[in-house]
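This report concerns only the one structure given below.
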Amino acid sequence: MASFKLGLFLFPLLFVFLLLSIPVHCGDEEESVFKGINSYRQVQKLTPFNKVSKASCLAEEVAEELEDEPCENVNQYAPSLTSSPKIPNLQKHINKCDININTTTDGVVLPVCVSKLEPTIVLSNYTHTDRYSRYLNNSVYTGAGLGSEHDWMVLVLTTNTTTGSFSASSDAAGAISLLVNVTTLMGFLIMGLFM
Ligand SMILES: *[C@@H]1O[C@H](CO)[C@@H](O)[C@H](O)[C@H]1NC(C)=O
Ligand SMILES: *[C@@H]1O[C@H](CO)[C@@H](O)[C@H](O)[C@H]1NC(C)=O
Ligand SMILES: *[C@@H]1O[C@H](CO)[C@@H](O)[C@H](O)[C@H]1NC(C)=O
Ligand SMILES: *[C@@H]1O[C@H](CO)[C@@H](O)[C@H](O)[C@H]1NC(C)=O
């Protein structure tokens, strides 16, 4: 009986462990596109982009939002976070990443859609189209985050000014979201004990 309960206790732990250890399958494409973008920056004599984790979080959220859209829709949304048409549920995604909306107004969200996310084509969509290269050419942008899902990759660019830094919404919100995560985890463990 004890070992049965122990098994039920270990099962959710194993589940959590598996969740954490599933490899991020798009990581390689993202890494090579990020490097390519920073090589482009260097050729333009601009400082390379810093990786900004909140920008990566938002890019990932937006990629998930767009993943089922047909590629033809790729130019349908305004790159700027303040002009329309906006990416659906943008505010929700910003909140989910715990970003203060006031620190996003100067940022841009640049989605591309390329079959199998072939890195050289993704990269040339960023560096060889007027629509996007003017952002990559611009010294105003100092930070970046990439996210991808299916055929979609999303680049979020940030500035180092207060209106584009993608800063945390507040300590309180951060603490609450941590608390929620811990509570969820505890829930799993307790469920395992009483199942
Ligand atoms: C954002 O700016 C508005 C207007 O200045 C202000 O009312 C609001 O409280 C700010 N939001 C945050 C999260 O700081
Ligand atoms: C951008 O991606 C599309 C879709 O894969 C492709 O057809 C197009 O040639 C690319 N454009 C550039 C400039 O790389
Ligand atoms: C970005 O810079 C490159 C090299 O200076 C130039 O060829 C390209 O036209 C620029 N793109 C835009 C949109 O200004
Ligand atoms: C923003 O970045 C630019 C270029 O990297 C740098 O010159 C400037 O000092 C930075 N400003 C702040 C407030 O960090």
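Remember, it's 1-based here, ligands and their atoms both numbered in the order they're listed. Since the model is a prediction, treat every value here as computed from it, not as a measurement.
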> For ligand 1, which atoms, with element, lie under 4.0 Å from some heavy atom of Asn100?
Replying inline: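 Listed by number with element, the hits are 12 (C), 13 (C), 14 (O).
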
Using a 3.5 Å cut-off on N/O to N/O, what pairs does ligand 2 make with the protein? A line per pair would be great.
from, atom 1, to, atom 2, distance (Å)
ligand 2, 2 (O), Asn125, OD1, 3.1
ligand 2, 2 (O), Asn125, ND2, 2.4
ligand 2, 11 (N), Asn125, ND2, 3.2
ligand 2, 14 (O), Ser124, OG, 2.2
ligand 2, 14 (O), Asn125, ND2, 3.3

Using distance only, find each side-chain donor-acceptor pair of residues 109-121 under 3.5 Å and give its atom names and separation, not counting sequence neighbours.
from, atom 1, to, atom 2, distance (Å)
Glu118, OE2, Thr120, OG1, 3.4

> Between the main-chain N or O of Lys86 and the side-chain N or O of Ser84, is there a donor-acceptor pair closer than 3.5 Å?
Replying inline: no

> If only atom types and distance count, is the side chain of Thr129 paired as donor or acceptor with the main-chain N or O of Tyr126 below 3.5 Å?
Replying inline: no

>> Tyr77: which residues meet the ring-ring contact (aromatic ring centres under 6.0 Å, His included) condition with it, sequence neighbours left out?
In response: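 Expected list: none.
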
> For Asn137 and Gln44, which heavy atoms make the closest approach, and how far apart are they?
Replying inline: OD1-OE1, 3.6 Å

> Do any pairs count as a disulfide (SG to SG under 2.5 Å) and have a residue in residues 31-70, sequence neighbours left out, and if so which ones?
Replying inline: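 Sorted pair list: Cys57-Cys97.
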
